[in-house]
Amino acid sequence: MIDQYKQAFQEEARELLAELESALLELDQNRGDRDVVGRAFRALHTIKGSGAMFGFDDIAGFTHHLEGAFDRLRNGTLAVTADLIRLSLGASDQIKAMLDEAAGQGAADASRSEAILAEVRQLTGPAPAEAAAAPVAAGQTPLAETGVTRQWRIRFRPGGGVLLNGTNPLLLLAELRALGRLEVRVDTEAVPALDEIDPEQCYLAWDLTLETAAPREAIRDVFIFVEDDSELTIEAVSGAAAATPAPAKRAGNKPGGAPAQTAPQSASSIRVSCDKLDQLVNLVGELVTVQARLSEASARFNDAEILDIAESVEQLTAALRENSMSIRMLPLRSTFERFRRLVHDLAIDLGKDVELSIEGADTELDKTVIDQLNDPLVHLIRNSMDHGVEPPAARLAAGKPSKARIHLAATHSGAHVLIRVSDDGRGLDVEAVRARAIEQGLIEGTARLSEAEIFALIFEPGFSTARQVTDVSGRGVGMDVVRRNVEALHGSVEVASQPGAGLTVTLRLPLTLAIIDGLLVRVCDSHFVLPLANSLECIELTGAALEEAHGNHLANVRGEMIPYVRLREYFQMDAARPEREQIMVVDTEYGRYGFAVDEVLGDHQTVIKNLGKAYRNVPVVSGATILGNGTVALILDPHRLVQNIIQTVSLDRRHVGAARTRQEFEGVEI
Amino acid sequence: MSRETLGPATAADEAMAKTILTVDDSASVRQMVKFTLADAGYTVIEAVDGEDALAKLTVPVHMVITDLNMPNLDGIGLIRKLRAGPACKGIPILMLTTESQEARKQEGKAAGATGWIVKPFTTQQLLAVVKRVLG
């Protein structure tokens with residue numbers, strides 16, 4: 001390869017010499033022409049530079065001196081003379097001879113080179129001071145490893161304009177990493193407020209700890225292009241890692257590298273009264289509300305400094321909130337485990353063989369929720385033991401194993417926890433429930449109800465299918481207690497059953513009763529909060545999209561048709577619809593649904609306040625929260641909202657016929 | 001950014017080979033730079049001087065390597081023009097200097113050069129520096 005370059009240089013140098021000669025001859029006619037001097041200089045410069053590149057060191061060395069003379073002609077410290085032109089032409093011939101020699105044709109007279117140079121020196125005076133030792137250039141210094149791994153602390157703050165100059169500081173860090181183990185800490189102290197940021201400026205600095213066997217020069221070499229404009233310090237960490245090159249990395253933060261003393265194992269937990277915890281959470285709740293006011297006010301003032309503080313407060317509040325909420329979170333395990341004894345004792349009393357299995361006992365729930373969960377669960381398990389599970393003989397007759405099973409499971413679902421109590425007993429007989437409900441006057445004999453609706457009847461006060469009153473249940477205090485307890489926790493109950501195969505009761509409970517992450521939306525003048533945990537995405541609802549759907553309440557989300565509900569229609573708000581609406585797509589247990597709102601305002605730490613008794617029968621609202629400006633926003637329960645809409649549609653279908661349904665909730669399909 | 005748009009090469013172009021524009025009036029140096037970089041997987045565009053370089057910037061380039069002493073438009077002038085326009089804002093620009101050109105080096109830096117390579121250099125040195133600034 002190098003021969004190929006040599007060949008190219010030979011040809012090029014000859015062309016350049018021809019150029020030099022013509023320039024020299026022109027210069028002889030017109031000695032003041034700077035442009036021609038420039039041409040001659042460039043020719044010499046290129047011969048020198050390229051010659052050195054491809055191993056023509058003698059030519060490069062010789063040309064160097066001549067180039068120096070022409071440089072001085074160029075900047076006017078030397079005048080063009082006939083002697084100089086004669087000498088230069090001679091030099092040109094000499095270079096040609098040297099090229100011939102290199103190409104294996106003839107030999108150049110080295111003494112002649114000396115003679116020409118001596119004369120040039122006489123004309124120009126001593127050659128301009130050259131940096132004899134070539135300045136260190138990137139990657140060009142042979143840098144031997146010292147063999148000893150040392151630790152270096154490097155502080156690097158590049159100049160602000162470094163990005164515009166094409167430097168990528170990350171590549172420099174990557175290059176350091178190639179030298180050894182590198183710990184990187186970024187310093188964002190100098191980053192200004194968002195509206196003052198110049199995106200083309202670099203505001204970052206880095207504190208680096210490097211363990212390497214490479215010498216200091218090798219580290220400096222990495223920064224060679226930027227060190228002039230940067231703040232750069234490279235310090236050896238004294239004595240560190242010299243003897244112990246490999247492990248004990250933790251010492252990196254401590255000068256001297258002494259291993260950190262492990263503190264004596266202290267108590268890993270302390271007991272705190274629940275009152276104190278409740279008080280803490282209440283205070284955090286108040287803080288979150290005040291913080292919302294601060295953010296609102298600071299956004300209004302639009303002062304960079306206050307915005308900055310408000311943002312810090314917001315972050316701290318969020319962290320504090322999460323922390324204090326997590327203190328109140330307890331795993332369900334101890335609650336679940338308590339039921340083993342209950343099942344065991346009941347099984348003996350009832351003469352049944354039942355095994356309790358538990359799943360998801362590590363699922364955490366707010367302590368308040370757990371405390372109030374015990375009664376409903378006891379009730380459900382008793383019910384399963386008493387009415388659900390058959391005696392062993394009956395089970396065997398039905399082809400089931402004699403040992404019955406009750407399964408207790410907890411899983412997360414968005415901002416909720418689902419707790420399932422299932423048994424493999426006789427299950428619920430839809431017709432029996434229906435007959436019993438008619439008997440007790442709960443429904444009309446002509447009512448047409450779906451299976452889920454019929455099952456829901458077992459939660460009605462006074463409902464019981466038990467043929468006889470037993471010790472355990474069937475005393476008229478039925479499942480309605482379960483529902484009431486769960487609803488007091490803002491939860492809901494559902495029943496699924498297959499006759500002969502068992503019954504599953506699902507309790508749907510909010511993770512916490514105090515504060516949630518919400519998404520604040522606006523419809524007309526009203527604000528609503530949707531739980532963030534359920535929210536999937538936000539899309540635009542444009543006039544074009546409406547047309548495309550032919551008036552149906554369906555939104556096309558990347559090819560998938562998602563039914564949506566206009567909250568303004570649902571809540572019957574009369575105000576002009578904005579041109580563009582936004583749809584929040586939420587995940588409910590009925591699948592994905594959208595809620596069309598006027599505007600999605602953003603996330604909101606939501607302190608849940610209970611609504612008064614007047615609103616107890618509004619299932620779609622799970623509470624309210626106070627916004628920064630003091631107004632109240634209702635917290636919506638997307639699951640209940642969808643449930644309610646589906647029920648409305650099916651009621652409409654039954655009572656009014658299909659006609660009205662079509663216009664109202666075309667998109668919502670069951 | 002589409003290929004037709006004249007602007008800094010972006011992450012979208014990353015999948016393709018990175019394009020380097022080498023500007024030098026010395027054919028032999030150009031040849032060496034081109035072969036070395038092409039061998040390392042880069043796409044190389046050649047220009048003989050600053051004017052030629054500006055004319056060849058019809059495609060986005062990821063990096064420019066330019067000599068300083070050139071006819072028509074020299075390296076310093078080229079760097080200034082490149083930095084003034086949108087196409088080469090923020091991309092690495094390396095200049096080829098000789099050890100006697102300390103002042104020129106500073107001038108180049110002030111004009112917006114990212115770094116430099118001192119002539120004479122070897123192919124390994126060239127690749128090391130290109131890697132440092134281009135990744």
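Just the heavy atoms: all of them, side chains too, but no hydrogens, waters or symmetry mates, feed the values below.
Of the inter-residue distances, the one linking A:Arg42 atom CZ with B:Asp49 atom CG reads 9.0 Å to the nearest 0.5 angstrom. Atom CG of B:Leu96 and atom OG of A:Ser50 lie 9.5 Å apart (nearest 0.5 Å). Atom CD1 of B:Ile91 and atom OG1 of A:Thr167 lie 12.0 Å apart (nearest 0.5 Å).
Looking at A:Glu11, there are no atoms closer than 4.5 Å to chain B (heavy atoms on both sides), in backbone or side chain. With a threshold of 4.5 angstrom between heavy atoms, A:Leu163 approaches chain B through N, CA, C or O but not through any side-chain atom. Contact annotation for A:Asp229: only side-chain heavy atoms (C-beta onward) come within less than 4.5 Å of a heavy atom of chain B. Looking at B:Met70, the atoms closer than 4.5 Å to chain A (heavy atoms on both sides) all sit in the backbone: N, CA, C or O. Looking at B:Leu134, only its backbone comes within 4.5 Å of chain A, counting heavy atoms on both sides. Interface residue A:Val226: only backbone heavy atoms are found under 4.5 Å from chain B.
Among all heavy-atom pairs drawn from A:Arg74 and B:Asn69, the shortest one is NH1-OD1, 3.7 Å. Across every non-hydrogen atom of B:Arg132 and A:Ile224, the tightest pair is NH1-CG2, 3.3 Å.
Note on ring orientation: taking the six-membered ring where Trp is involved, the planes of A:Phe225 and B:Trp116 are perpendicular (angle over 60°, cut-offs 30° and 60°).
When each of B:Lys109, B:Lys131, B:Arg83 is checked for heavy-atom pairs under 4.5 Å with chain A, B:Arg83 comes out on top. With chain B as partner, the option from A:Thr46, A:Leu170, A:Leu16, A:Leu164 having the largest number of non-hydrogen pairs under 4.5 angstrom is A:Leu164.
Counting non-hydrogen atoms of neighbouring residues, nucleotides and ligands closer than 6.0 angstrom, the CZ atom of A:Arg14 exceeds 12 such neighbours. Heavy atoms from other residues, nucleotides or ligands lying under 6.0 Å from NZ of B:Lys56 number more than 12.
Partners of B:Glu107 by salt bridge (charged side-chain N to carboxylate O under 4.0 Å, His left out), not counting sequence neighbours, listed by chain and number: B:Arg104.
Taking 4.5 Å as the limit, every side-chain heavy atom of B:Pro71 sits out of range of all side-chain heavy atoms of A:Arg39.
Identified by a heavy-atom distance below 4.5 Å to chain A, the contributing residues of residues 24-32 of chain B are B:Asp25, B:Ser26, B:Ala27, B:Ser28, B:Val29, B:Gln31, B:Met32, in residue-number order.
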